[in-house]
Number of protein chains: 2
Amino acid sequence: MTNKAKEIFRSYLSEKGLRNTRQREVILDAFLAADKHITVEELFNAIKKKNPEIGYATVHRNVSLFCECGLADEMKIGTQKTKYEPKIGHKHHDHLICVKCGRIIEVNDSKIEKLQDKLAEANDFTPVKHRLEIYGICKQCR
Amino acid sequence: MTNKAKEIFRSYLSEKGLRNTRQREVILDAFLAADKHITVEELFNAIKKKNPEIGYATVHRNVSLFCECGLADEMKIGTQKTKYEPKIGHKHHDHLICVKCGRIIEVNDSKIEKLQDKLAEANDFTPVKHRLEIYGICKQCR
DNA sequence: CAGTATCTTGATAATGATTATCATTACACT
DNA sequence: AGTGTAATGATAATCATTATCAAGATACTG
């Protein structure tokens, strides 16, 4: 998984005439190793332990790059900070988000996925990706 | 529609021990009259024409109130500014968002809605609301 | 393998939307 | 009309993200 991600990242870099760097490797490793739904700040703090010389802006810049090349997904939920999650090695999924405790449950429903594609088609629209978030109250908060 | 919205707003205010004001009436009217998917800035500019004395912060504060009481929906799409749309008088709908031109198409699919509720239930989750956005290329951009 | 063009980095400043502050004004209730 | 308190408007503060820029690193070049 990690190797596939690195390949994708490297070929994206060379394709765009960008360069690989030590920092980029470190940040990508940390991002892939991280638990899901991580903020830039959390990622920065995780990296800081072993690589205190890597700056906040560099982490930010590279997380954006991960999104560009399809390795990461951006989630802006309510007033929470923007979170990112790796896409490689994780099947596509949607989110149930508890409005009480903020807990995020990952779910998937292939029927819904298919209907979404139909819905797009019916509107002369070529879907690229989608985002489905269901807000409510989780088991624990009820 | 407008009257219903005003009723909802007023009862929300009194319920919370808040007061109605001339500004609140003006801002709510402007919001309801506005086209859909408006930003705070756009709303502020629309209001400024007839009511230049109403401040930006006041508009902001009250749009937040509209969201709290269920009159408005917040949409954060990509890097665009946060947009708001009235919920009263508009049936619930989802969005097809063109990644080229930013055009937003409103759609609805009752089958998807039902499956979403089932999906939530299956996870011991009580749904309150949801957000479905399908990103892709619209007819005109293709 | 050194030379070089240019990309990247890190530190910090700038930006821009949103939120907080606070003195003044205005609402709503008695 | 009087009064307690919420709301306003102007502005400052906040905070994530983005831009700036000098210094360093990378990947070709011959």
Min side-chain heavy-atom separation Glu74(B)-Thr82(B) under 4.5 Å: yes
Contact check, side chains of Glu106(A) and His90(A), non-hydrogen atoms, under 4.5 Å: no
Gap between atoms NZ and P, on Lys16(A) and dC7(C) respectively (whole Å): 14 Å
Separation of dA7(D) C1' from Leu13(B) CG (nearest whole Å): 11 Å
Residue closer to the 5' end of DNA chain C, Arg22(A) versus Asn20(B) (nearest nucleotide): Arg22(A)
Pairs involving residues 21-44 of chain A, ordered by first then second residue, that meet ring pair (Phe, Tyr, Trp, His ring centres under 6.0 Å) (sequence neighbours left out): Phe31(A)-Phe66(A), His37(A)-His95(A), Phe44(A)-Tyr56(A)
Ile54(B) backbone acceptor or donor facing Thr58(B) side chain under 3.5 Å: no
Asn20(A), Asp29(A), Ile88(A) screened by side chain to side chain contact (heavy atoms under 4.5 Å, CB included) with Lys6(A), the one that passes: Asp29(A)
Listed nucleotide nearest any side-chain atom of Tyr56(A), set dT8(C), dT17(D), dA10(D): dT17(D)
Ignoring backbone atoms, test whether [X] places a side-chain nitrogen or oxygen under 4.0 Å from the OP1 or OP2 oxygen of [N].
X        : N       : value
Thr21(B) : dA7(D)  : no
Thr82(B) : dT18(C) : yes
Lys81(B) : dA17(C) : yes
Gln23(B) : dC27(C) : no

Residues Ile47(B), Val59(B); criterion side chain to side chain contact (heavy atoms under 4.5 Å, CB included); working and verdict: CA-CA 9 Å; Ile47(B) 290 169; Val59(B) 176; 4.1 Å; yes
Members of residues 59-70 of chain B that approach DNA chain C, where some heavy atom sits under 4.0 Å away: His60(B), Arg61(B)
Selection: residues 38-55 of chain B, any non-hydrogen atom under 4.0 Å of DNA chain C: none
